[in-house]
Amino acid sequence: MPQKRTHSPQLGLKPALRKLLQWFSSEKKDLPWRHDRTPYSVWISEIMLQQTVVSTVIPYFTKWMKKFPGIKQLARAPEREAMVLWEGLGYYSRCRNILLASRLITKKFRGKIPDHYEDLRSLPGIGDYTASAILSLAFRKPYPVMDANVKRIVQRLLALKNPDKKEEERTRSFLRKMLPVKQPGEFNEAMMELGQRICLPENPFCSRCPLKGRCLSFKSNLQNKIPQRKTSGIIGKRTRLLILCHGEKVLITQKQKGVLKGLWLFPAIPMKQACEDLIKKRIAKEFEQTAVLKPVSHHYTKYRDRLYPVMYKVSALHAAVDKEGKWVDRTALRRFPMPSAYRKIAALLSRP
DNA sequence: AAATCGGGGAT
DNA sequence: ATCCCAGATTT
């Protein structure tokens with residue numbers, strides 16, 4: 001005869017799992033990559049979704065699948081064409097890596113996306129998360145994913161307080177226990193959507209959570225203490241952009257390295273620096289400031305860069321400019337991939 | 001282990 | 001205005 005408990009009993013893992021899958025089957029959203037699911041569509045969507053919210057990805061995914069419906073079309077595409085589709089999505093190395101990987105898949109895997117963990121990990125841009133997502137969603141293999149949503153949920157379920165290496169392993173082993181071998185994809189998607197819609201970083205909707213009976217944080221009312229909020233550490237910058245007009249043409253330069261490699265930018269210098277000396281020395285003998293455009297903000301990670309575009313009309317060009325930059329007709333700017341902040345300025349220039 | 005890479009949605 | 005996101009790669 002079991003003794004009467006003072007606390008409410010914790011829900012077993014199996015019943016909790018059943019509730020989760022039930023919640024997902026009735027609440028899941030209709031997303032483009034959930035139609036006609038193939039290894040290719042899973043791969044592309046998962047890469048686009050890295051550090052990028054669902055609503056942002058949807059139009060990019062749709063455009064991409066229309067232009068590159070399969071790996072064959074992708075593998076023979078010039079990088080420029082792919083980058084134009086990616087423009088505005090951010091983290092541009094993801095796009096370069098997709099191109100690289102598509103060629104590797106063609107060459108080393110007979111044009112088929114591999115269905116083994118190590119093979120997937122060998123491809124550029126595919127880390128632990130993406131490999132597990134492809135294996136579970138596309139090939140129904142029992143690999144749990146650990147994205148930010150899943151980590152947050154398990155942290156709360158188990159009331160883990162400091163996210164370190166050890167707790168990450170706790171999380172992984174918990175997920176391996178919970179994951180239903182016959183429907184790993186459903187489980188992974190259910191967890192991610194739960195994190196996205198119920199188990200929010202702040203003020204989670206615990207009352208509507210199918211896992212609340214299994215959640216130690218909820219039981220102890222710690223759901224707003226776990227996980228700890230991290231301190232910001234934002235760093236602000238100010239940069240002046242030079243919009244140099246020569247006749248109908250504008251000067252842009254292509255990034256040669258870094259994450260923005262391959263993208264085109266207007267020449268930029270820190271605010272403090274005297275830009276007119278630079279123009280005189282490197283670009284043209286004669287110039288005249290013609291306008292000051294509205295600033296736009298360009299931000300990445302902890303940096304918040306405020307861009308101040310200034311237009312100059314230049315003449316008597318130095319010959320050396322062609323090496324680093326390109327004079328482009330204003331109406332042709334749209335054919336050169338740029339980060340969003342720069343695109344906003346380019347849009348102003350291309351209309352009269 | 002920590003830094004770095006974008007952009008925008010949500011609050 | 002601030003936090004965060006279906007992370008990967010480099011330092």
Student: Which part of the nucleic acid, if any, lies within reach of A:G195 when heavy atoms closer than 4.0 Å are counted: base, sugar-phosphate only, or nothing?
Tutor: nothing

Student: Round to the nearest Å and state the distance from A:Y129 atom OH to C:dG7 atom C1'.
Tutor: 9 Å

Student: On DNA chain C, check which nucleotide each of A:R152 and A:T130 is closest to and give me the residue with the more 5' one.
Tutor: A:R152

Student: When all nucleic acid strands are considered with a 4.0 Å heavy-atom cut-off, which category describes A:L31: base, sugar-phosphate, or nothing?
Tutor: base

Student: Side chains of A:L194 and A:I198: closer than 4.5 Å at any heavy-atom pair?
Tutor: yes

Student: What does A:W86 touch in the nucleic acid at a heavy-atom separation under 4.0 angstrom: a base, only the sugar-phosphate, or nothing?
Tutor: nothing

Student: For residues A:T52 and A:Y60, determine if any side-chain heavy atom of one lies less than 4.5 Å from a side-chain heavy atom of the other.
Tutor: no

Student: Kindly give the heavy-atom pair with the smallest separation between A:L135 and A:H116, and that separation in Å.
Tutor: CD2-N, 4.0 Å

Student: Pairing donors with acceptors under 3.5 angstrom, does anything connect the side chains of A:R96 and A:Y92?
Tutor: no

Student: Check every strand shown and say whether A:D128 touches a base, only sugar-phosphate, or nothing at a heavy-atom separation below 4.0 Å.
Tutor: sugar-phosphate

Student: Contact class for A:A133 vs. all strands (heavy atom < 4.0 Å): base, sugar-phosphate, or nothing?
Tutor: nothing

Student: Nearest to the side chain of A:P339, which nucleotide is it out of B:dG6, B:dG9, B:dG7?
Tutor: B:dG7

Student: Extract from the structure each pairing of a protein N or O with an N or O of nucleotides 9-11 of chain C at less than 3.5 Å, listing the distance.
Tutor:
| residue | atom | partner | partner atom | Å |
| --- | --- | --- | --- | --- |
| C:dT9 | OP1 | A:G125 | N | 2.3 |

Student: Using a cut-off of strictly less than 4.0 Å between a heavy atom of the residue and any atom of DNA chain C, enumerate the qualifying residues of residues 167-182 of chain A by number.
Tutor: none

Student: Nearest-nucleotide wise, let me know which of A:V53 and A:L89 is further upstream toward the 5' end of DNA chain B.
Tutor: A:L89

Student: What integer number of Å spans the P atoms of B:dT4 and C:dA6?
Tutor: 24 Å

Student: Let me know the distance between CG of A:N149 and P of B:dG9, rounded to the nearest Å.
Tutor: 18 Å

Student: So A:R197, base contact, sugar-phosphate only, or nothing? Heavy-atom distance under 4.0 Å.
Tutor: nothing

Student: Quantified in whole Å, what is the P atom distance between nucleotide C:dA8 and nucleotide B:dG9?
Tutor: 23 Å

Student: 5'-most contact on DNA chain B: A:T52 or A:L200, nearest heavy atom basis?
Tutor: A:T52

Student: Rounded to whole angstrom units, what separation is found between the CZ atom of A:R37 and the C1' atom of C:dA6?
Tutor: 11 Å

Student: Nearest to the side chain of A:Q51 - B:dG7, C:dA6, C:dC5?
Tutor: C:dC5

Student: Do A:Y129 and A:E46 get their side chains close enough for a donor-acceptor pair, meaning under 3.5 Å?
Tutor: yes

Student: Would you mind reading off the distance between A:F205 atom CZ and B:dT11 atom C1', rounded to a whole angstrom?
Tutor: 11 Å

